[in-house]
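Being a predicted model, the structure only gives us computed values, none of them experimental.
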Amino acid sequence: MNKKNQLVRDRQAGLKRVEIKLHKETYDKASELALERGLSRGEFLADLINESLKNL
């Protein structure tokens, strides 16, 4: 039930779910850097993607 409510809130906020597979080393590094910045791993990866898209 909580997951369903979260999905509804995300949808209302204009968020879309994306699933990717990462090598363990990449996953661990992203987790470490996110923690250092006080972000969730998802927020950190979204920020990286947004910055990359701006630089295209």
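- Remark: Ser40 OG to Leu35 CG distance equals 11.0 Å, nearest 0.5 Å.
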**OP:** Begin from the C-alpha positions of Gln6 and Arg9 and carry the test side chain to side chain donor-acceptor pair (under 3.5 Å) through to its verdict.
**Re:** CA-CA 5 Å; Gln6 180 65 50; Arg9 284 192 304 271; 2.7 Å; yes
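- With sequence neighbours excluded, no residue forms a side chain to side chain donor-acceptor pair (under 3.5 Å) with Arg11.
- Hydrophobic clustering, with ILVMFWY side chains joined whenever heavy atoms are under 4.5 angstrom apart, keeps Leu7 apart from Leu15.
- For the atom pair CG of Leu48 and CG of Leu53, the computed distance is 11.0 Å after rounding to the nearest 0.5 Å.
- Here the CG atom belonging to Leu22 is positioned 6.5 Å from the CG atom belonging to Leu45, to the nearest 0.5 angstrom.
- Using a 4.5 Å cut-off between side-chain heavy atoms of Ile, Leu, Val, Met, Phe, Trp and Tyr, with links allowed through other members, Tyr27 and Val18 fall into the same hydrophobic cluster.
- Met1 and Val8 are assigned to two separate hydrophobic clusters, defined by single-linkage of ILVMFWY side chains at heavy-atom distances under 4.5 Å.
- Of all heavy-atom pairs spanning Ala34 and Phe44, the tightest one is CB-CB, 3.6 Å.
- Here the CG-NZ distance, from Asp10 to Lys3, works out to 7.5 Å after rounding to the nearest 0.5 Å.
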